[in-house]
Amino acid sequence: MNVLIEALGLVLQPNVLFAVLIASLLGLVIGAIPGLTAVMGVALLVPITFFMDPVPAIASIAALAAMAIFAGDIPGALLRIPGTPASAAYVQDAHALTKQGCPERALGLSMASACFGGVIGVILLMSASPLLAKFATNFSSVEYFWLAFLGLSCAAIISTGSPLKGVLSLLFGLWVASIGIDEVAGQPRFTFGVTELLGGISFIPAMIGMFAIPEILRNVTRKEIIITPPHMGPVFRGLFANLVRRKRNLFRGSITGSLIGALPGAGADIAAWVAYAMAKRQSKTPEAFGKGHDEGIIEAGAANNSALSSAWVPTLVFGIPGDSITAIVIGVLYLKGLEPGPIIFTKTPEMVYAIFIAFLLANLLLIPFGWIVIRASRNLLRIKPAYYLPVIFVCCIVGSFAINNTSFGIVIMLIFGLIGWLFEENSVPVAPAILGIVLGNTLEFNFVTSMLKSDGNLLVFFSRPIAASLAALACLVWIWPLVRAVKSRK
Amino acid sequence: MKLNDKIIGVLAILAAFAIAYGTLDFRAIPGQQFGSAFFPRIIAGAFILLGLAFLFAPNRGAIIATAEWMRSWRALKASALLIAGLLWIVITPSLGFIATTFFLILALILTFGGRFLIGLGVAVGITLLLYGVFGQLLRIPLPFGFIERLLL
């Protein structure tokens with residue numbers, strides 16, 4: 001209880017609340033602009049959080065992500081252009097409601113379900129994380145190796161369209177992580193004589209480049225579309241009655257999203273698609289899906305925000321990112337001197353609970369802020385890309401420069417931006433590469449440590465029950481696509 | 001620019017050889033079985049397997065296919081963006097943060113089809129906002145130029 005009060009004290013500071021407020025507004029604007037994603041917003045925010053205390057830094061990331069995922073529904077509903085990939089699952093239904101003359105109903109439902117789902121996700125995060133952390137204190141380097149391996153495998157194989165391309169991205173990320181001085185032997189690796197590379201590839205410029213530059217290039221090079229947002233009615237009219245009528249969808253979406261989000265490597269996008277499919281399967285009127293049905297919007301809308309919260313479970317407990325956003329968060333936590341893992345729960349529990357409370361606050365703020373952005377959406381959608389794309393690009397430049405006060409960060413950002421663009425053009429997912437960069441050193445360190453301890457005996461990786469179970473799970477992840485390919489050929 | 005899977009496979013195998021070659025001069029630690037080269041060589045091995053999987057996977061299509069926008073004037077917009085990034089690096093040490101950032105934003109807005117007056121307002125507002133947040137609030141030593149000298 002004392003910890004909770006201490007955590008509350010940490011969150012209810014003017015600087016934290018101010019950071020949450022600004023990040024929320026930023027998240028709403030970024031999410032509402034078609035083509036700009038929550039991940040890109042978080043990537044742009046990181047250089048600023050670099051100079052903040054841990055609590056406002058993490059709180060602002062949580063707030064921005066929650067707001068941007070919800071706001072992504074706005075261009076989805078009004079223009080049939082999902083603002084973020086997590087909104088894509090139910091964009092047909094939301095837009096169909098708009099065409100029927102009630103966009104406020106689609107957006108009101110998605111706002112309320114996002115808030116509800118987010119709160120359920122936070123409750124799961126608050127209840128599951130400390131329990132799992134207690135369990136994880138018995139883990140050795142072998143279990144940590146398998147956890148990192150499992151997270152990376154899920155990100156590369158399960159959450160991508162083509163497992164081969166997911167693995168390509170992952171291997172690229174792991175190689176990038178090996179650049180710089182090797183921690184064990186002090187040997188410079190792949191530095192090509194460049195002094196700035198001795199410390200490794202700076203994570204933040206690389207991440208900004210890979211997430212933001214392809215998005216800017218995509219927006220710059222696409223044909224201009226004339227946007228005419230429809231008129232918006234009162235958002236709260238009939239909203240509560242609708243939610244009560246669809247309470248089953250609301251709860252099921254929140255639970256599905258929370259469970260999927262807690263899996264390493266899965267994220268809000270997958271959660272939304274799975275929840276939408278489940279809503280359709282369980283519905284009495286599946287034929288109405290895609291034509292403006294409430295059920296899909298509520299279930300998938302609750303799922304994507306609950307997944308966003310529960311993705312922090314593996315992040316905080318094991319240091320294994322649940323999705324792309326938490327991969328960035330892990331980088332931020334390391335920069336703040338907070339090593340994610342079970343130790344953080346015993347060493348600085350007030351910090352962990354402060355993160356939980358900040359998350360809860362961000363999700364509750366969805367209702368008032370969501371209402372404001374829905375009202376302002378007609379104006380937001382009218383902003384021409386010609387005005388905001390240069391601004392985002394300059395933010396990328398300044399953010400990359402600010403990390404080490406050197407232009408080398410900008411060079412890294414531009415190079416990784418081009419690589420990210422090439423990846424996107426070839427349908428190679430970017431997220432596994434980022435996870436590889438973040439977790440590469442953890443994977444190598446735990447692998448080499450275990451090998452040294454066992455004098456090169458590979459059986460050590462299967463010698464403990466939890467390690468063996470994690471190994472079996474990881475094998476399953478790798479074997480499953482092969483089984484599926486063989487089945488589809490038959 | 002879309003590459004055929006076979007090309008991706010060849011590139012993955014070439015990357016594997018480059019990584020393995022790069023590890024040849026990593027010194028071994030006496031008495032230790034697993035040195036600096038151990039993990040990168042595993043990555044190289046995985047790249048070879050992946051490259052082979054790409055080569056043997058069934059696929060059709062052109063070896064290299066360029067998107068429609070790459071053959072239109074929109075390619076110039078994309079190039080302008082990247083050139084602007086490089087110019088920022090080269091020019092800021094002499095012109096300073098404020099002037100370079102202002103000109104960069106304005107030039108990009110005009111290149112992308114924005115109006116001059118709105119662009120001017122956006123460029124002034126965003127430049128001052130970034131200078132205020134990063135230069136004043138966060139105390140980042142941004143590149144110093146003649147305008148910064150006037151502000152002091």
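Values reported hereafter were calculated over all heavy atoms of this structure, with side chains retained and with hydrogens, waters and symmetry mates removed. Order of the sequence lines fixes the chain letters, A, B, ..., with proteins taken first and strands second; residue numbering starts at 1 for each chain. None of these values were measured; they are calculated from a predicted model.
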Under 4.5 Å heavy-atom distance to chain B, tell me which part of [X] shows up: side chain, backbone, both or neither.
{"X": "A:Y387", "result": "both"}
{"X": "A:L418", "result": "side chain"}
{"X": "A:V411", "result": "both"}
{"X": "A:F447", "result": "side chain"}
{"X": "A:L414", "result": "side chain"}
{"X": "A:N405", "result": "side chain"}
{"X": "A:I397", "result": "side chain"}
{"X": "A:F190", "result": "both"}

Sub-4.5 Å side-chain heavy-atom contact between [X] and [Y]:
{"X": "A:E425", "Y": "B:L3", "value": "no"}
{"X": "A:Y388", "Y": "B:V122", "value": "no"}
{"X": "A:F401", "Y": "B:T92", "value": "no"}

Shorter than 4.5 Å, heavy atoms on both sides: which option in [options] has the most such pairs with chain B?
{"options": "A:D182, A:V220, A:V391, A:T221", "value": "A:T221"}
{"options": "A:K384, A:M413, A:M451, A:R189", "value": "A:R189"}
{"options": "A:D455, A:I213, A:L422", "value": "A:D455"}

>> Determine whether A:F51 and B:R139 satisfy the following criterion, side-chain contact (heavy atoms from CB on, under 4.5 Å), listing intermediate values before the conclusion.
In response: CA-CA 9 Å; A:F51 302 93; B:R139 302 265 168 212; over 6 Å; no
> Where on B:L104 is there a heavy atom nearer than 4.5 Å to chain A: the side chain, the backbone, both, or neither?
Replying inline: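 Side chain of B:L104 only, per the 4.5 Å heavy-atom cut-off to chain A.
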> Which bit of B:L86 is near chain A, if near means a heavy-atom gap under 4.5 Å: side chain, backbone, both or neither?
Replying inline: both
>> With chain A as the partner, which of B:L108, B:I126, B:I43, B:L50 has the greatest number of non-hydrogen pairs under 4.5 Å?
In response: B:L50
> What distance do B:I105 atom CD1 and A:L389 atom CG have between them, rounded to the nearest 0.5 Å?
Replying inline: 12.5 Å
